[in-house]
Amino acid sequence: MDYTPQDLDRKWQQRWTDSGAFEVSEDYSKPKFYCLEMFAYPSGHAHMGHVRNYSIGDALARMKRMQGFNVLHPFGWDAFGLPAENAAIKHGIHPEDSTRGNISHMKGQLQRMGISYAWHRELATCDAEYYKWNQWLFIRMFERGLAYRKRSSVNWCPSCTTVLANEQVVDGGCWRCHSMVETRDLEQWFFRITEYADELLQAIDGLKAWPDKVLTMQRNWIGRSEGARVRFALDGDATTQIEVFTTRIDTIFGSTFVLLAPEHPLVSSFANRAADPAGFRQQAQAFRLQDKAARMSGEIEKQGFDTGQRAINPFTGQAVPIWVANFVLGDYGTGAVMAVPAHDQRDFEFARKFGLPIRVVVTPDGKPVASEGLTEAADAYGMLVESGEFSGEPSAEAQARMIAVAKASGFGEGTVQFRLKDWGISRQRYWGTPIPFIHCPKDGLVPVPDDQLPVELPRITEFTGRGDSPLSHVPEFVNTTCPKCGGAARRETDTMDTFVDSSWYFYRFADPRNAQQAFNPEAVKYWLPVDFYVGGVEHAILHLIYSRFFARVFRDLGMVDHAEPFTHLLTQGMVLKDGAVMSKSKGNVVDPDDMMAKYGADALRIYVMFVAPPEKEIEWSDAGIEGSWRFLARVWRLVDHWCDGITGTPQGGFEGISPEGRRLRRKTHDTIRRVTVDIEERQQLNTAISAMMELVNEIYAFSDATATGAPGRRAEGTIVPAEGPEVVAVVGEALSALVRMLAPFAPHTAEELWERLAGRDGLTTASWPVFDADVARADEVVVPVQVNGKVRGRLTVPVDITDADLEALALADAAVLPHLAGKTVKKVVVARGRLVSVVVG
RNA sequence: GCGGAAGUGGCGGAAUUGGCAGACGCGCUAGCCUCAGGAGCUAGUUCCCGCAAGGGAAUGAAGGUUCGAGUCCUUUCUUCCGCACCA
């Protein structure tokens with residue numbers, strides 16, 4: 001090879017850039033394909049995870065392009081976020097400067113990889129021309145009641161000094177720095193994602209091309225439960241009611257006490273009535289703190305105390321004690337539960353610990369059971385007992401009737417409860433989209449008028465990391481006038497969660513430079529939904545649910561005509577080294593730049609795609625990339641030595657072609673089929689590559705069989721060229737297909753070889769090789785012949801043999817299989833469209 | 001605990017609808033070519049017996065269906081991932 005790999009990479013990257021090979025426009029005459037990899041946070045350096053992600057996406061994009069699709073394959077930057085701001089606090093570099101620098105460096109890395117991006121459509125979320133539309137959409141959502149403000153107890157990370165979304169709290173700690181999360185009460189902005197909870201859940205069934213794992217995670221996250229709300233009046237105070245949520249209203253006759261979450265609003269009023277209000281509050285507060293933090297260390301012990309108050313069970317009329325319990329969640333359901341110790345394990349443990357009564361009201365056979373001997377709760381459905389007029393009814397029927405009774409009597413109703421909560425998007429941070437609202441002393445909360453958007457993020461100079469919003473220290477930003485009354489007013493100083501930025505960027509790519517609209521609906525109608533979306537499974541819940549939510553918001557604004565933005569989702573596995581995620585602190589980082597310098601981009605790309613299926617984790621191996629390098633070198637040599645004189649590919653059938661030639665032709669077409677199916681339908685890129693390797697081996701074997709001189713005697717890696725029209729045609733066909741199929745995986749090498757082979761460049765516009773089923777399945781197949789279930793021989797028969805012909809053949813071929821002479825064919829097995837076995841009796 | 005995915009050579013992994021298990025690659029062995037080999041080419045490489053031809057066993061374990069099971073069914077063990085006191 002007279003190039004270094006980098007020379008080769010640079011040569012073709014330059015040509016692609018100069019010709020704008022991957023830039024696209026809306027072309028309604030061509031079928032579109034929108035291939036997207038999750039855009040990147042500009043951390044500074046591309047890592048192997050990026051390499052893998054973009055190599056997979058690029059394989060799809062390039063293949064679809066060759067198949068004649070108009071392919072949109074864009075890239076951008078998720079450029080706002082905490083790390084840049086934290087770096088600013090630590091090192092005094094302005095987030096804008098570090099972010100721009102990082103983007104520039106990483107863009108260079110991606111370009112050196114030769115990913116076929118439409119760079120003209122590049123966007124960064126920190127550009128005002130992008131985040132303007134965050135603000136615009138925010139106001140639209142406000143107008144529709146989908147964005148609202150409320151005072152709420154929020155998760156506060158003391159280290160990042162900011163509010164976290166529920167989704168950003170992992171095991172009681174901050175998702176980013178893992179500090180223990182505290183609670184604080186603040187006025188916050190929320191998106192009413194719960195409005196779409198039911199739809200988001202039901203539509204999951206329609207996501208046929210998403211991984212099951214992701215669908216399950218989303219179902220669990222939304223967490224739909226059907227049940228009932230029932231109001232218990234306070235004993236001695238009918239005006240105060242405690243509403244509980246239950247999925248088992250059929251067990252309500254067994255509810256012997258009521259439990260409140262420590263956060264429940266009634267807890268503080270009960271404290272005032274307690275003998276020792278201070279002690280009461282202290283206990284409740286202890287639970288509240290415990291609730292957020294203590295769960296990290298596994299199970300926490302069930303604790304509680306008696307409020308001294310009693311509630312009236314509306315079904316039994318009995319007064320039951322009200323306790324505060326540490327395991328009752330304040331932010332799920334109503335924050336209060338009716339405890340049924342006989343039929344709920346948690347309540348059972350609590351009752352046993354504190355000596356509270358247990359009543360069995362559901363049994364398998366409808367016969368009453370005493371509670372004394374119980375060792376655990378029985379949560380199965382059954383027949384009701386000891387339940388007044390409902391005794392003897394099966395659980396399911398009783399549930400329906402009890403809900404009806406509760407509703408008619410006005411103390412309850414059936415309801416659906418979701419685990420999903422509204423999305424808190426306020427961040428007390430600088431490096432994000434300013435929330436476009438103005439607080440006016442006279443007019444209250446006033447949205448910034450559309451013609452004043454964007455509200456630009458001012459360039460501040462001091463980063464202290466203090467607890468409140470950095471923007472609140474910028475008087476020029478804060479002080480403004482009210483758009484309504486013209487009086488002095490203050491701007492909102494919180495910024496938006498960066499998940500807002502990433503929830504719609506895939507729409508902006510359809511029309512990224514539009515200054516009048518977030519996007520032109522016509523362009524989005526052409527390009528969207530995204531046909532193929534690749535990214536890490538770590539975004540299975542947050543990013544993907546938020547994006548599905550935003551798609552529905554745009555739909556309801558009349559801007560898009562679909563609800564699901566991503567048709568096909570692929571979640572790629574991580575790249576590990578020595579069994580662990582690569583990280584600087586572990587010192588096990590393999591730098592993509594080093595690998596590309598040594599082997600070129602193609603060997604690296606081939607390696608990350610060949611080593612395992614895309615969804616699986618892979619373990620980095622230096623020997624593995626050597627193997628990929630060797631494969632490319634093998635292809636290179638093959639083309640180098642055969643290309644002279646190959647001008648065309650064979651037409652038609654097999655007339656006059658040697659058995660070896662027929663074999664190679666079959667292999668060529670079988671490979672086209674396998675590679676096409678593996679990429680397109682299965683995204684099994686590893687087997688697509690191995691199929692091409694097989695073809696390469698086959699071409700080498702063909703040269704052995706047809707070469708002049710002794711087979712297998714080739715010095716210095718040369719291949720003795722065979723001669724004759726057959727070789728030219730058969731090998732020409734094989735190499736032509738091979739090089740084109742190589743393009744999605746090793747585009748630089750493929751381009752170069754295509755130029756040598758076909759005498760022209762422009763592989764990016766070359767067509768995908770056409771599979772010829774007649775060729776692939778031509779001639780014959782070898783089938784096992786079984787006698788009494790044992791394979792006793794093999795017959796080579798034409799693929800399309802009929803049963804009758806086969807029977808005759810089995811008998812006639814006694815010379816080959818003498819022990820079958822005189823036997824009859826009992827069964828012919830055909831599978832996958834071909835004959836696979838003959839059973840002889 | 002609930003849910004999801006998966007258990008195949010020394011290693012990564014193939015096996016598309018139930019049809020020659022171990023493709024392809026790594027590693028290893030031998031040969032060729034070489035001053036040399038960390039290049040290239042050829043051959044071999046699941047395990048056991050055998051010089052070989054050949055024979056036997058084998059896809060976590062145990063059963064079952066089938067002419068035929070890595071694949072389907074039942075039971076069971078293990079690992080990874082997600083959620084986790086959600087009433």
Side-chain angles (χ1 to χ4, degrees), chain A residues 171 211-221 223-225 227 244-248 251 255 259 261 291 295 298-302 325-329 331-340 343-347 349-350 379 417-419 537 540-541 606-607 610-613 615-619 621-628 630-631 633-634 637 673-674 677-678 681-682 684 686-694 696-697 700-701 704 711-719 782-784 786-791 794 826-827 829-841:
Chain A
D171 290 338
D212 287 342
K213 181 185 182 178
V214 173
L215 299 181
T216 304
M217 284 165 72
Q218 293 216 353
R219 279 194 193 96
N220 293 341
W221 192 260
R224 184 180 197 274
S225 303
V244 301
F245 172 72
T246 178
T247 54
R248 290 299 302 274
T251 66
S255 177
L259 294 173
D291 196 30
R295 209 159 294 156
E299 289 281 307
I300 57 170
E301 204 191 333
K302 288 184 175 48
N326 64 342
F327 66 90
V328 178
L329 305 174
D331 54 3
Y332 181 77
T334 61
V337 299
M338 61 171 215
V340 186
H343 305 293
D344 181 285
Q345 189 59 24
R346 294 155 301 181
D347 299 344
E349 288 167 24
F350 194 84
D379 57 8
Q417 182 65 45
F418 292 95
R419 206 187 82 108
V537 72
I541 297 179
I606 289 263
Y607 169 68
F610 173 65
V611 69
E615 302 82 9
K616 283 200 78 156
E617 282 182 347
I618 60 176
E619 171 73 25
S621 142
D622 288 339
I625 194 171
E626 291 274 359
S628 300
R630 253 195 303 270
F631 165 63
R634 251 166 97 75
R637 278 195 303 277
R673 181 186 59 80
R674 284 172 62 190
V677 169
D678 282 353
E681 294 174 21
R682 308 201 300 162
Q684 196 143 323
N686 54 329
T687 51
I689 294 170
S690 70
M692 287 188 286
M693 289 174 167
E694 284 183 51
V696 169
N697 293 345
Y700 272 76
D704 268 349
R713 291 289 176 274
R714 295 188 296 269
E716 293 296 329
T718 58
I719 295 164
V782 177
V783 298
Q786 303 172 3
V787 179
N788 299 328
K790 285 246 172 201
V791 175
R794 290 173 202 289
K826 279 168 72 177
K827 193 169 179 181
V829 180
V830 179
R832 298 179 192 171
R834 45 164 78 188
L835 184 64
V836 294
S837 161
V838 183
V839 181
V840 179

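So that the names make sense, note that chain A is the first sequence line, chain B the second, and so on, each numbered from 1.
Rounded to a whole angstrom, the distance from the P atom of B/C2 to that of B/A57 is 40 Å. With both ends at atom C1', the span from B/C81 to B/C49 equals 44 Å, rounded to whole Å.
Using a 4.0 Å heavy-atom cutoff across all strands shown, A/R673 reaches at least one base atom of the nucleic acid. At the heavy-atom level, A/N697 lies under 4.0 Å from the strands shown only through sugar-phosphate atoms. Residue A/G627 is classed as a sugar-phosphate contact, given heavy-atom separations below 4.0 Å to backbone atoms only.
Spacing between atom CZ of A/F418 and atom P of B/A87 amounts to 12 Å, rounded to whole angstrom units. The separation between A/N220 atom CG and B/G4 atom C1' is 9 Å, rounded to whole Å. As a whole-Å value, the separation of A/E349 CD from B/G1 P is 14 Å. When the P atom of B/C85 is taken as reference, atom CZ of A/F327 falls 11 Å away, rounded to whole Å. What separates CG of A/D678 from C1' of B/U16 is a distance of 8 Å, to the nearest Å. B/C24 atom P lies 15 Å from atom CD1 of A/I689, rounded to whole Å. Spacing between atom CD of A/E681 and atom C1' of B/U17 amounts to 13 Å, rounded to whole angstrom units. At whole-Å resolution of the value, CZ in A/R634 and P in B/G40 are 9 Å apart.
For the pair A/T251 and A/M338, the minimum side-chain heavy-atom distance is below 4.5 Å.
Considering only residues two or more places apart in sequence or on other chains, A/R673 meets the side-chain hydrogen bond (donor to acceptor under 3.5 Å, both in side chains) condition with A/D670.
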So which protein N/O to nucleotides 27-31 of chain B N/O distances come out below 3.5 Å?
{"unit_1": "B/G27", "atom_1": "OP2", "unit_2": "A/R630", "atom_2": "NH2", "d": "3.3"}

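Residue-to-nucleotide proximity on RNA chain B shows that, of A/D347 and A/V677, the 5′-proximal contact is made by A/V677.
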remark   = Reading nucleotides 5-14 of chain B from 5' to 3' and marking B where a protein heavy atom lies under 4.0 Å of the base, S where only the sugar-phosphate is that close, and - otherwise, the string is S------BSS

